[in-house]
Amino acid sequence: MTSTKDNLIKKLNNRTATVGILGLGYVGLPLAAAFGEAGFKIIGVDPDERKVESLKKGESYIRDVPTEQIARLVNTGRLTATNDFSALRQADAVSICVPTPLRQTGDPDMSFIMSATNELAKSMHPGMVVVLESTTYPGTTREILLPRLGAERDLIVGVDFFLAFSPERVDPGREDWTTINTPKVIGGITPDCSQVAALWYGQALKTVVPVSTAEAAELSKLLENTFRMINIGLVNELAIMCERLGVDVWEVIDAAATKPFGFMKFTPGPGLGGHCIPIDPLYLSWKMKAYQYTARFIELASDINTNMPRYVVSRVMDALNDQGISLNGAKCLVLGAAYKPDVDDIRESPSLDVIGLLEKKGAQVSYHDPFIPHLHTHDGAQKDSVPNLIAAVREADCVVIVTNHSQYDYPVILESSRLIFDTRNALGKLGKGHPKVVRL
Ligand SMILES: NC(=O)c1ccc[n+]([C@@H]2O[C@H](COP(=O)([O-])OP(=O)(O)OC[C@H]3O[C@@H](n4cnc5c(N)ncnc54)[C@H](O)[C@@H]3O)[C@@H](O)[C@H]2O)c1
């Protein structure tokens with residue numbers, strides 16, 4: 001007699017297994033497309049009606065996933081989208097890709113993982129494999145998913161169903177490393193869980209890296225993002241120290257980066273943004289509090305990075321002051337609202353903090369971003385990207401470059417401006433020593 005595991009492995013190997021993706025955002029949609037391309041039938045489930053409607057029409061809303069690809073997968077019946085969670089009853093293999101933000105208090109907001117898990121639990125049946133992709137604290141898969149999907153449904157993990165964690169590493173906007181070719185770490189609740197989940201993911205993704213437990217996989221993601229957050233905190237503090245010392249921080253970093261080993265280049269900026277780096281390490285520091293341990297590196301780097309928008313605004317104020325202009329009443333144009341270059345993602349963007357802080361000081365703030373036509377400031381007001389960039393640059397007392405989008409014509413912006421505060425060294429050599437330019 002063949003076991004539940006053998007049957008599932010067979011379906012995964014010959015790609016007749018139906019795949020469910022819970023959460024069709026920046027992570028879930030590229031993953032759905034990857035499994036669809038590998039030949040699986042995909043059921044995407046998302047409570048967001050607009051996303052579901054858009055997919056039903058064969059349209060993508062994620063820049064990294066082309067509409068032609070979604071249209072092809074939808075038209076061939078390989079991808080269906082719905083907000084009806086009961087569709088998951090047909091699924092053999094399910095990935096959960098829901099948000100993991102922070103609450104106002106800075107604690108993890110597990111409500112999306114909880115509600116997705118509770119919905120999935122209603123559709124659990126023997127012979128399923130479930131993988132959690134959302135970045136979260138170590139222990140989530142075992143403490144939150146396992147009881148709800150297993151014991152409460154009378155299903156034994158590693159026998160009746162298989163459960164694992166696999167962190168998503170996608171870097172939106174990046175073309176060389178994609179969902180398909182970025183190595184994927186996977187750790188199961190039991191060794192059989194790791195084996196089944198790795199076999200499934202290996203059908204669509206180039207390299208799968210199995211680890212021995214779900215906790216190891218959860219923590220590997222937090223290490224990656226904490227590493228970035230701490231190193232960014234370090235160079236941000238270096239920028240602050242360099243300003244006091246009268247040394248060019250960009251030159252120092254470029255010089256250090258010529259070392260062919262033992263150094264990795266990070267650059268300072270206006271603060272952290274996006275859904276990952278400012279948030280994920282705080283999941284770990286929160287978890288460690290239950291173990292009476294303070295994650296000191298994380299807390300320190302978070303403190304430095306969180307204060308960068310305030311530091312930028314104080315430097316803008318000084319730069320204007322040097323020109324005999326008060327920030328109160330000055331016209332400031334913020335260039336770039338997205339949290340990083342060449343993406344349309346504004347989540348946690350330091351631009352919003354810079355805009356809010358400049359306005360608090362009485363500045364008249366406008367912004368331009370080719371990817372973000374409208375935004376809502378922290379106090380809820382809507383702002384529209386200025387329609388004519390160069391006219392706005394000419395009018396501004398100070399242009400503050402917050403996001404260094406590559407499509408900006410920096411020589412023309414420099415030529416047209418009166419004063420530029422460059423938080424990203426977007427102007428490079430053009431800005432160094434230029435009388436109109438102040439760099440972070
Ligand atoms: N965006 C990135 O670059 C990135 C990279 C690596 C890891 N991650 C992690 O992946 C996870 C997802 O991030 P994202 O950027 O895709 O978020 P997202 O907000 O773009 O997408 C999440 C989707 O989940 C849906 N959703 C909310 N509640 C749901 C529920 N109960 N059931 C089903 N769907 C639900 C939302 O409507 C949304 O469409 C997060 O934990 C994030 O930290 C994100």
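Each ligand, and each atom within it, is numbered from 1 in the order the structure gives. Residue numbers start at 1 and run along the sequence shown. All values reported here derive from a predicted model rather than from experimental measurement. The analysis underlying the following values was restricted to heavy atoms, covering all of them including side chains, and did not include hydrogens, waters or symmetry mates.
Inspection of the Thr377 and Asp379 side chains reveals an N or O donor paired with an N or O acceptor under 3.5 Å.
Aromatic ring centres of Trp200 and Phe162 lie farther apart than the 6.0 Å criterion allows. Aromatic rings of His125 and Phe161 (six-membered ring for Trp) have centroids beyond the 6.0 Å cut-off, not under it. Not less than 6.0 angstrom separates the ring centroid of Phe227 from the ring centroid of Phe297. Aromatic rings of His405 and Phe371 (six-membered ring for Trp) have centroids within the 6.0 Å cut-off, being under it.
Near ligand 1, heavy-atom contacts under 4.0 Å come from Leu22, Gly23, Leu24, Gly25, Tyr26, Val27, Val45, Asp46, Pro47, Asp48, Lys51, Phe85, Cys97, Val98, Pro99, Thr100, Phe112, Ser115, Ala116, Ser134, Thr135, Glu168, Val170, Pro172, Lys221, His275, Cys276, Arg347.
Under the 3.5 Å distance criterion, the side-chain polar atoms of Asp160 are left unmatched by any main-chain donor or acceptor of Leu155.
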